[in-house]
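Structure first, then comments.
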Amino acid sequence: MINPLELIRENIRSLAPYSTARDEYQGDLGIYLDANENPNDNGYNRYPDPYQAALKAKLSQIKGADASCIFVGNGSDEPIDLSFRVFCVPGRDNVVSITPTYGMYKVAAAINDVEIREVALKSDYSLDIEEILAASDANTKLLFLCSPNNPTANSFPRDEIVRLVTKFTGVVILDEAYIDFSEQDSLLSDLNKYPNLIILQTLSKAWGMAGLRLGLAFARKDIINIFTRVKYPYNINVVTQHIVLEQLNYSIAEPVATIVAQRKMVIAELSKCAVIRQVHPSDANFVLVVVDNPREVYNILIENGIIVRDRSKIRGCAGCLRITIGTEIENKMMLDVLHSIAAK
Ligand SMILES: *Cc1c(COP(=O)(O)O)cnc(C)c1O
C-alpha cells in the first residue's frame, strides 16, 4: 500500500506555517491586544478562527467523520488547488483525470504548471479502468474522479472506484459534489480503509449555499494537517463560518427529495420531446440531453428566458446541453419551450 505522505513535495513537508495570534494564545476571555485588530465591536472586527473548530465539530456530527479528518476551504476550488500545490512539483509531475469531467481540475493543473493526462470515458460514460491505470508513470501524483460526474450526471459503481483507489499508485481525489442527489452512498464511511483517498464535498449544491463558498475535503488526519499548514490562515471568513453553522441546523432531506422527484419528472417529460434525441440517466441535480442542433435549441431557450449550459463543444459531449433541475415552475417553463420545438 502506498504512503501518501511520501508523495508530498519536499518544500511542503518541511514547511513552517504562518503562526497567528490565536496560535500563541487560545483562551477566550480577556482583552485582546495581540492581533492589531480594531477594538470597536461591529461584529466583524475580529479575525475568524483559522481552524474553524466550531464548524468542523458540527460537520463532524453531520458527516460522521472525525473533525481531524475534515478540511474546509473557500469552495471546492481551494482543496483542488491545494492538492496540486501539496503534491505536484510544477513542470515535472503529472496528474490523471477522466474526460469529460469538471473543468476546474484542468484549470488548476494549468495554473500550477502540471501536466494533466485525460483518459476518455467509454461511449456510455463508464470508466475505462485499464486505460486510467495505464496513464500513470513514476511522476504521476493525483487521479481525479468525479462521481456523480459533471457533466455526464452518472455515478460510477463503488467497486470500480474502490478498485482504482487500491490500484492507483498516487492520491485519488474523489469529487462527491453531487453525492446527496445520488442513489449511491458516499465513500466517506470507508475513508479510513484508504490512506491515499481524499473525498471532496461541497455546501454549494444540495446544501444550497453556493454563495457562501464552503467546500469540504475529507482525508486521513496527516493529509488534512498538511492542507491546513498550506492554506491561507483565515481562508473562511467570519460571516461564512457564522451563517454556515446556523444553516447546518436545517435538514436537507426534504429539499433534496423534491429536486430528485423533479429530476424524475423532467427526465420523463424530456424523453417525450421531439427535439430531444437522448436523455442520459442522472444521479445529480442536472440532466444531460442530446439534440441535433445544440446551439439552435440553446438560443430558443434563451429567447424564452431560460438559460442552460451548452456542453456540445466538449469532447465526448457532441450535441449535449446540460440542464439544471430548478423549481417545479421553472422546470415546467423549460419543458414547455422544449415541447414546442418541432423535430428536424
Ligand atoms: C459544483 C461543483 C463543485 C462545487 O464547487 P464549489 O467550489 O464548492 O462551489 C465541485 N465539484 C464539481 C464536480 C461541481 O460540479
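Start at 1 and go down the list; that is how both ligands and their atoms are numbered.
- Looking at D175, L203, N74, L214 and measuring to atom 12 (C) of ligand 1, the nearest heavy atom belongs to D175.
- Aromatic ring centres of F84 and F87 lie farther apart than the 6.0 Å criterion allows.
- Side-chain polar atoms of N150 and R322 form a donor-acceptor pair below 3.5 angstrom.
- The aromatic rings of Y178 and F286 sit perpendicular to each other, their planes meeting at more than 60°, with 30° as the lower class boundary.
- Within the listing of ligand 1, atoms 2 (C), 3 (C), 10 (C), 11 (N), 12 (C), 14 (C) sit less than 4.0 angstrom from a heavy atom of A177.
- Across the listed options M104, Q201, K205, E78, K205 owns the non-hydrogen atom lying nearest to atom 4 (C) of ligand 1.
- For atom 9 (O) of ligand 1, the nearest non-hydrogen atom of the protein is S204 OG, 2.6 Å.
- In terms of protein heavy atoms, atom 7 (O) of ligand 1 is closest to R213 NH2, 2.6 Å.
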**Prompt:** Taking it one step at a time, do N149 and N154 satisfy side chain to side chain donor-acceptor pair (under 3.5 Å)?
**Reply:** CA-CA 6 Å; N149 188 34; N154 58 316; 4.8 Å; no

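- Close approach to D77 involves these atoms of ligand 1, each under 4.0 Å from a residue heavy atom: 7 (O).
- Residue contacts with ligand 1 include C146, since one or more of its heavy atoms lies under 4.0 Å from the ligand.
- The side-chain contact (heavy atoms from CB on, under 4.5 Å) search around S282 returns A153, R263, I267, A284, V287, not counting sequence neighbours.
- Closest to atom 15 (O) of ligand 1, if we only count protein heavy atoms, is Y178 OH, 2.6 Å.
- Using modelled atom types and a 3.5 Å distance limit, the side chains of N40 and N45 yield no donor-acceptor pair.
- Listed by atom number, the atoms of ligand 1 under 4.0 Å from S76 heavy atoms are 4 (C), 5 (O), 6 (P), 7 (O), 8 (O), 10 (C).
- Ring geometry, F227 versus F71: the interplanar angle exceeds 60°, so the pair is classed perpendicular (tilted spans 30 to 60°).
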